Amino acid sequence: MFALVDCNNFYVSCERAFNPQLQDKAIVVLSNNDGCVVARSPEVKALGIGMGVPLFKIREEVKKYNILTFSSNYALYGDLSNRVMKILGSFTPEVEIYSIDEAFLGLSGFKDIDLTTYTMEIRQTIMQWTGIPVSIGIASTKTLAKIANRVAKKSPSGLFDLSICPDQDSVLQKIDISDVWGIGRKLSNWMKEQNIHNALQLRDTDIPIIRKKMGVVGERLVRELRGESCLPLEICPSPKKETCVSRSFGKVVTDLTELKEAVAHFTTKASAKLRKQQQCASALTVFIRTSRYASSPWGDTATLALPVATNDTPELIYYAMRLTNRLFLPDVPYKKAGVIMQGLIPQSTVQSSLFDTKDRYKSLRLMEVVDQINDRFGEGTIKFAVEGIKQEWKMKNENRSPSYTTRADQLPVAWCH
DNA sequence: TCTGGGGTCCTAGGACCC
DNA sequence: TCTGGGGTCCTAGGACCC
């Protein structure tokens, strides 16, 4: 038995947790660069504003209905997410953190416990300790728990147990095929052509038909809908295989120096991420591209296998700069760039090279000090000169709330009259 | 004018090995 | 004309997730 715990409109709930005046107000949280809507309060959903809509397309509604817009504040969301997950861990050791706002729980050890009462207690505890409302769906497979959670979201209790539901078929029938976990845009179009319009119809489709189109992934999906668990709980997160830092620019970039500043900056962030994960990269890719929405979008990538796997910032910047030089073309309106660290291996098992001349121990210690300073005093307190000073390519973040829980100088203030 | 970022998994096909 | 069998590794591309 599985439960899926999902935070209700998570980013919006985080903003509300530290600013109670936002309760019952129509608010949205925007993606990086203040580009698209990535979280909506129920009031905004009721206005028919969709997920992922670009902000400039809803300017009128924002004005008309006084919708408050927030730039995303990942320091805050990440910290509150950790707190929620920690609370879940105090209820059961079988927790799979699936995303920033979702976790699967394994309930196999709770045979003699009333699950409704227990999950209600989980829900109340999270609410009381963090201020974040969650919904919980229970079922015999992860895919069904996802569906149960959709039902829970609409129920006043915030809970739904599909396994004790007398009429499962009618629940599945009400789930549109595009809302089934693992069915995206392409596949839902195909399904509809095959006359499969809801979860019930997919469940009752012959497996070979689905297997032929979707491979083993599809077969697992149908079996999961039939109540046969194929996707196990993954309690220990497996180490990352690659890690990427990329951003759209706040403006168009045509200058090589400026482009290199940005790539150097992304490389710095990616290197710090590697060190935090105690991993080294054995290859490095840089990509630069124009706007996706240009009449003829263009982009290019370049990859380099590193002589010795590393997470040393200056070394990685050196290679990233060489790749950027190779990629750059004059007079192209670049809008986005990124670096991808690939072939990640544990820092402790790096194969050294006979011809390596670098003092890796020394530079690792230097990086440790840099990381400590930046952790303590804020990102970018110490930076590399190639990252630039003005950083005019940096993205827009016009309406970011304070980092209430992670920066001492931004703690929330309570008034008392 | 303005359109996010960071991932994973699977498959097919090519190169290569003995 | 007929041209083996069994395998690994890598990459690109397509699909999906939140």
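Chain naming here is simple, since letters A, B, ... match the order of the sequence lines and numbering starts at 1 in each. All values below come from the heavy atoms of this structure, side chains included, with hydrogens, waters and symmetry mates left out. Keep in mind the model is a prediction, meaning the values are calculated, not measured.
Residue A:Lys251 places no side-chain N or O under 4.0 Å from the OP1 or OP2 atom of B:dT1. Between A:Lys241 and B:dC9 there is a side-chain polar atom (N or O) within less than 4.0 angstrom of OP1 or OP2. Close to B:dT3, at under 4.0 Å from its OP1 or OP2, lies no side-chain N or O of A:Ser291. Put simply, A:Ser72 has no side-chain N or O that comes within less than 4.0 Å of OP1 or OP2 on B:dG4. Distances shorter than 4.0 Å separate none of the side-chain N or O atoms of A:Lys240 from OP1 or OP2 on B:dG6. OP1 and OP2 of B:dT1 both lie 4.0 Å or more from every side-chain N or O belonging to A:Arg59.
The pair A:Glu43-A:Arg16 counts as a salt bridge, with a side-chain nitrogen and a carboxylate oxygen less than 4.0 angstrom apart. At a threshold of 4.0 Å, the pair A:Arg360-A:Glu315 counts as salt-bridged, since one of the basic side-chain nitrogens sits closer than that to a carboxylate oxygen.
Put simply, the residue from A:Asn8, A:Asp6, A:Asn149 that forms a side chain to side chain donor-acceptor pair (under 3.5 Å) with A:Ser135 is A:Asn8.
Among the nucleotides C:dC16, B:dG4, B:dG7, the one closest to the side chain of A:Leu187 is C:dC16.
Checking A:Tyr11 against A:Glu242, the closest nucleotide of DNA chain B that is more toward the 5' end is the one next to A:Tyr11.
Distance, A:Lys146 NZ to C:dC17 C1': 8 Å, rounded to whole Å.
Look at A:Tyr293 and the base of B:dT3; the rings stack, centres closer than 5.5 Å and planes less than 30° apart.
With a cut-off of 3.5 Å on both Watson-Crick or G-U wobble distances, the partner of B:dC18 is given as C:dG5.
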